[in-house]
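Structure first, commentary second.
In what follows, every chain begins at residue 1, and chains take the letters A, B, ... in the order their sequences are listed. No experiment lies behind these values; they were computed from the predicted model shown.
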Amino acid sequence: MNNREMADKFEAVAQFLEIKGEAIYRVLAYRKAAEALRDLSRDVAVIREEGNLEDIPGVGKAIAAKIEEMIDSGNLGYYEELAAEIPPDLLEMLAVDGVGPKRAAQFWQEAGILSLTELEAAAREGRLRELSGMGVRLEQKILSSIEAYKHRQTDRFLLGQAWDTAQSLEERLSKVEGVEQIELAGSLRRYRETVGDLDIVAGTGAPGLLLDTFSTMPEVERILGKGDTKVSVELYSGLKVQLWAHPREHFGSALQYATGSQAHNVRLREFALRQGLSLSEHGFKTEEGELIECPREEDVYCELGLPWIPPEMREDRGEIEAAQEGALPELIRVEDLLGELHAHSTWSDGKASIAEMASAAKELGMKYLVISDHSQSLGVAGGLTAAELKQQKTEILEVQAEIGSGIELLQGSEVEILAGGGLDFDDEVLGSLDIVIASLHTALQQDRETATQRVLNAIENSFVHIIGHLTGRLIGKRDPADLDLERIFMAAVEHNVILEINAHPDRLDLKDTHARRALDLGCLLAINTDAHHPSHLGFRHFGVGTARRAWARPEQIVNTWSLASLREWLSSRRL
DNA sequence: GCCGTTTTCGGCCCGACTGTTTTCAGTCG
């Protein structure tokens with residue numbers, strides 16, 4: 001079993017215990033362990049080998065023993081026991097809005113309902129309204145939530161998909177009368193690779209007007225809930241959006257609250273309690289009941305004696321401790337990036353000419369751009385032969401002459417790491433290029449040892465500078481290749497090979513936790529858009545967001561370096 | 001079930017909204 005499968009087991013255990021009505025803190029303990037496993041940047045089996053399971057936050061003796069059991073037997077006896085006691089199909093009901101553990105238990109025990117299908121039938125027959133505490137409206141609400149659940153393709157959207165919607169909503173809402181401040185919050189602000197819903201926070205003197213305006217916008221399909229300070233809607237796209245309207249004096253605490261993550265907020269509130277302060281979206285309450293308002297988000301952290309923590313770090317991954325110790329890293333920013341090292345043109349599968357890509361990059365203020373089209377064997381993408389590379393070089397020089405100073409164009413190639421483990425060009429061709437990116441595109445389903453060895457071969461080739469989108473995943477569509485990341489990261493450090501954070505929102509590969517582990521081990525990273533169109537160069541911020549989630553400092557990202565420094569480093573690689 | 005600037009026991013974040021209720025339970029973020 002891998003980390004994620006074990007996390008899913010613990011999540012199911014938590015849900016079983018919740019339905020059983022066990023002490024909520026036992027439930028939370030299993031849930032926390034599940035989260036910890038999902039967040040882990042390393043294979044938990046390796047951590048077990050090292051004897052460090054209990055160093056994982058949220059893992060104590062009991063849960064460590066269960067992890068060992070799952071590693072050794074591929075099974076969890078405790079889960080099996082619970083599944084024998086409680087119908088496992090009940091758990092699916094919990095994914096329906098408005099159905100939580102209490103009602104699931106009630107439906108099962110009082111009405112003999114064993115699955116979501118049976119729940120829907122009972123609701124249609126009007127049998128739910130008979131149950132205690134239930135009524136016609138609740139029955140209707142559950143029925144429509146079941147419909148919505150069945151039509152829902154996925155419960156999370158790609159960050160890139162949600163981004164444009166969020167910008168558009170923010171822009172229009174900022175113009176509503178009375179709105180003084182407005183900001184996007186939630187997992188979008190934290191740059192999580194997927195977002196469950198959009199969260200928007202406004203500081204306004206006219207909350208009613210803002211909430212009304214929002215809930216009647218054309219893209220709103222239905223209102224899920226609406227009160228005096230917040231409204232929650234579902235858009236026709238299926239995306240859910242929550243909008244909070246707070247007085248300006250509460251804007252900072254409201255933004256902090258809505259940004260999350262939930263785990264970060266829980267930790268921060270515990271931290272506040274130890275100082276005798278109760279933190280909520282309205283600000284701090286002292287033990288005497290006095291309210292301390294926080295107009296700016298910085299005020300929340302400042303009141304606790306902490307520096308402001310960047311949203312991307314707020315995942316309860318040690319950021320509060322680091323803030324306490326004054327050890328928060330100075331994170332990379334978009335404006336630190338000086339160049340793009342991975343971009344395509346019409347020479348292979350790009351949609352724009354070298355000249356168009358170059359002027360778009362110059363427009364964005366980039367100092368250098370590497371044209372790195374695909375190599376010969378990637379037929380579907382129109383990969384270039386060695387001879388074509390020479391012709392392309394001529395064009396790059398011509399475009400450089402036309403565009404003049406201000407941006408330097410370099411020639412690279414995104415070279416296939418072949419299924420057999422070799423590279424798609426011989427050393428002579430590789431040596432003629434300014435920069436070589438080696439990537440996996442094919443045979444991504446190979447077993448771990450074979451796939452890992454392929455990447456290691458590329459890393460050991462002294463002509464390779466960068467490994468592109470390491471795992472080859474497409475978020476939600478294609479699973480990552482099964483790789484021994486720890487070995488790969490260590491080899492990259494040993495051989496001075498740079499690992500890419502691919503900024504394309506479909507990829508974000510390396511992902512945040514893996515990038516953080518790579519940095520901890522001493523790897524250098526590059527943030528590349530892999531642009532196939534001039535507009536894709538604008539994906540940079542997604543890569544930067546991912547790097548910030550990995551606590552990356554500018555100097556650890558090679559395309560913050562000047563071209564002179566980068567060239568020097570690249571040439572040292574081939575000595 | 002976890003964990004320690006209050007602790008190896010006794011705590012464990014906080015409030016809005018809804019629908020069912022006559023003061024609250026359930027769900028959600």
For a quick check of understanding: with a heavy-atom distance under 4.0 Å over all strands, which category does [X] fall into, base, sugar-phosphate or nothing?
| X | answer |
| --- | --- |
| A/Leu279 | sugar-phosphate |
| A/Leu28 | nothing |
| A/Ser278 | sugar-phosphate |
| A/Lys226 | sugar-phosphate |
| A/Val136 | sugar-phosphate |

Sequence neighbours left out, cut at 3.5 Å: what donor-acceptor pairs do the side chains of residues 320-331 of chain A make with other protein atoms?
residue: A/Glu321; atom: OE2; partner: A/Arg267; partner atom: NH1; Å: 3.3
residue: A/Glu321; atom: OE2; partner: A/Arg267; partner atom: NH2; Å: 3.0

Just how far, in rounded Å, is [atom2] of [N] from [atom1] of [X]?
| X | N | atom1 | atom2 | result |
| --- | --- | --- | --- | --- |
| A/Met134 | B/dT21 | CE | C1' | 14 Å |
| A/Phe271 | B/dC12 | CZ | P | 17 Å |
| A/Leu138 | B/dT21 | CG | P | 10 Å |
| A/Glu325 | B/dT5 | CD | P | 12 Å |
| A/Ile24 | B/dC2 | CD1 | P | 16 Å |
| A/Gln256 | B/dG15 | CD | P | 14 Å |
| A/Glu321 | B/dC3 | CD | C1' | 13 Å |
| A/Leu268 | B/dC12 | CG | P | 16 Å |

Got a sec, which residues hit side-chain hydrogen bond (donor to acceptor under 3.5 Å, both in side chains) with [X], two or more places apart in sequence or on another chain?
| X | result |
| --- | --- |
| A/Ser253 | none |
| A/Glu147 | A/Arg124 |
| A/Ser168 | A/Arg172 |
| A/Gln242 | A/Asp199, A/Lys230 |

On the nucleotide [N], are OP1 or OP2 found under 4.0 Å from the side-chain N or O atoms that [X] carries?
| X | N | answer |
| --- | --- | --- |
| A/Thr229 | B/dC17 | yes |
| A/Arg274 | B/dT6 | no |
| A/His264 | B/dC13 | no |

Checklist line | Exercise: identify the closest heavy-atom pair between A/Leu304 and A/Gln275 | finding: O-NE2, 3.3 Å
Next item on the list: Mind telling me whether A/Phe542 and A/Trp163 have parallel, tilted or perpendicular rings, with 30° and 60° as the class edges?
Entry: perpendicular
Notebook entry, point to check: Any idea how A/His504 and A/His536 line up, ring-wise: parallel (<30°), tilted (30 to 60°), or perpendicular (>60°)?
Noted result: perpendicular
Notebook entry, point to check: Would you find more than 12 non-hydrogen atoms of other residues, nucleotides or ligands less than 6.0 Å from A/Glu125 atom CD?
Noted result: yes
Given the [atom1] atoms of [N] and [M], what is the spacing between them in whole Å?
| N | M | atom1 | result |
| --- | --- | --- | --- |
| B/dT6 | B/dG11 | C1' | 10 Å |
| B/dC13 | B/dT21 | C1' | 27 Å |
| B/dT22 | B/dG29 | P | 28 Å |
| B/dG15 | B/dT20 | P | 26 Å |
| B/dT8 | B/dC12 | C1' | 16 Å |

Item checked: B/dA16 - base-pair partner by Watson-Crick or wobble geometry, distances under 3.5 Å -> B/dT27
Which atoms of nucleotides 9-11 of chain B (N or O only) lie under 3.5 Å from a protein N or O atom, and what are those distances?
none

Next item on the list: Hey, could you give me each pair passing salt bridge (Lys or Arg N to Asp or Glu O under 4.0 Å) that has a residue in residues 234-256 of chain A? Not counting sequence neighbours.
Entry: A/Asp97-A/Lys240, A/Glu180-A/Arg248, A/Arg222-A/Glu234
Note to self: Listing request: all salt bridge (Lys or Arg N to Asp or Glu O under 4.0 Å) pairs with a residue in residues 285-296 of chain A, at least two apart in sequence or in separate chains.
What the structure shows: A/Arg296-A/Asp299
Notebook entry, point to check: What parts of residues 41-65 of chain A reach DNA chain B, counting only heavy atoms under 4.0 Å away?
Noted result: A/Pro57, A/Gly58, A/Val59, A/Gly60, A/Lys61, A/Ala62, A/Ile63
Notebook entry, point to check: So which of A/Arg548, A/Arg549, A/Arg192 actually passes side-chain hydrogen bond (donor to acceptor under 3.5 Å, both in side chains) with A/Asp512?
Noted result: A/Arg549
Check: Taking the side chain of A/Arg137 as heavy atoms from C-beta outward, which of B/dC14, B/dT20, B/dC13 is closest to it?
Finding: B/dT20
Note to self: Going by the rule ring pair (Phe, Tyr, Trp, His ring centres under 6.0 Å), which residues pair with A/Phe489 if we only count those two or more places apart in sequence or in a different chain?
What the structure shows: none
Next item on the list: Using ring pair (Phe, Tyr, Trp, His ring centres under 6.0 Å) as the criterion, list what pairs up with A/His514, not counting sequence neighbours.
Entry: none
Note to self: Stacking between B/dC2 and A/Tyr25, yes or no? Criterion: centroid separation under 5.5 angstrom, plane angle under 30 degrees.
What the structure shows: no
Checklist line | 5′-ward residue of the pair A/Val231/A/Leu273 relative to DNA chain B | finding: A/Leu273
Checklist line | nucleotides 24-29 of chain B: protein proximity per nucleotide (B base, S sugar-phosphate only, - neither; heavy atom, under 4.0 Å) | finding: --SSSB
